[in-house]
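Report on the following structure.
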Amino acid sequence: ELEVALKVVIVGDGGVGKSSMIQRYCRGTFTRDYKKTIGVDFLERQIEIDGEEVRLMLWDTAGQEEFDAITKAYYRGAHACVLAFSTTDRDSFLALHSWKLKVENECGEIPTIIVQNKIDLMDQCVVGPDEAELVARALGCRLMRASVKEDVNVSAVFRALATRCLAD
Ligand code: GDP
Ligand code: MG
């Protein structure tokens, strides 16, 4: 049986929850003090889409994003991208455009979903719902809202990306 393997890169400012998202999806756990590096390049999870086995390899940045030092090897061969920002960090929202360009420069146009993480902290929200939609539309991406902490929409994000990749 044919197995599809997809490399997914997770980009966005430090602290938005990228490592937590990967850990949540691949290991089913969440911690407040997540280590900056997971010690490996990626974690993986296998899912089934329309009877097809799909192996998702989720690549983590090990904190390099804070030094703008993400290497080409990180992006190389990526099939899909999660562009993440935090509900409580306006700068991370304003950085979406530049993250999109970085991915585009290395990978060309690949299926990309913008994820607004930490919606469990809506009482501290610093990004209006309309402006998030506007930016997503301007960047040509779907917007999904998630809470890695409460496990809201995390699986849905990766399922949607994989489905897009299979359809292409
Ligand atoms: P990264 O730098 O983008 O990899 O972010 P991390 O995964 O290291 O997460 C940064 C901090 O945000 C950690 O303390 C996480 O526990 C926390 N965090 C991640 N996702 C959520 C979420 O959905 N809700 C809340 N309240 N905290 C989160
Ligand atoms: Mg991290």
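Ligands are counted one by one from 1 in listed order, and the atoms in each one are counted from 1 as well. Keep in mind that the numbers below use all heavy atoms, side chains included, and drop hydrogens, waters and symmetry copies.
By the 3.5 Å distance cut-off applied to N or O atoms, D60 is not counted among the residues near ligand 1. Checked by distance only, ligand 1 and G15 come closer than 3.5 Å through their nitrogen or oxygen atoms. Residue L121 has no nitrogen or oxygen atom sitting less than 3.5 Å from a nitrogen or oxygen atom of ligand 1, judged on distance alone. Checked by distance only, ligand 1 and F30 stay at 3.5 Å or farther apart across all their nitrogen or oxygen atoms.
Ion pairing between E106 and K72 holds under the 4.0 Å rule for side-chain N and carboxylate O. A salt bridge does not link E65 with K102: none of the charged nitrogens is closer than 4.0 Å to a carboxylate oxygen.
Assignment of V152 to the shell around ligand 1 is not supported, since no heavy atom sits closer than 4.0 Å.
Numbered from 1 in the order shown, with element, the atoms of ligand 1 that lie under 4.0 Å from a heavy atom of S147 read 23 (O). Listed by atom number, the atoms of ligand 1 under 4.0 Å from G14 heavy atoms are 2 (O). Each of the atoms 6 (P), 7 (O), 9 (O), 15 (C), 19 (C) of ligand 1 lies under 4.0 Å from some heavy atom of S20. Contact atoms of ligand 1 toward E65: 2 (O) (distance under 4.0 Å to a heavy atom of the residue). Applying the 4.0 Å criterion to heavy atoms of D13 picks out, from ligand 1, the atoms 3 (O).
Judged by distance alone, the side chains of D13 and S92 never bring a donor and an acceptor atom under 3.5 Å apart. Under the 3.5 Å distance criterion, with hydrogens and angles disregarded, no donor-acceptor pair is assigned to the side chains of N117 and S86. Remark: the R145 side chain and the Q116 side chain contain an N/O donor-acceptor pair separated by less than 3.5 Å.
Residue contact annotation: S19 places an N/O/S atom under 2.8 Å from the Mg ion (ligand 2).
Taking the six-membered ring where tryptophan is involved, the planes of Y74 and W59 are perpendicular, since the angle between them exceeds 60° and thus also 30°.
Both the backbone and the side chain of V148 come within 4.0 Å of ligand 1, counting heavy atoms alone.
Nearest residue to atom 20 (N) of ligand 1 from T31, D151, N117, I119 is N117 (criterion: closest heavy atom). Closest to atom 25 (C) of ligand 1 by heavy atom, among V115, V16, D120, V154, is D120.
Side chain of T163 to main chain of L161: no donor-acceptor pair is present (N/O by atom type, distance under 3.5 Å, no hydrogens or angles).
The line from CD of E3 to CD of Q46 is 4.5 Å long, rounded to the nearest 0.5 Å.
A heavy-atom distance below 4.5 Å is found between the side chains of F85 and V127.
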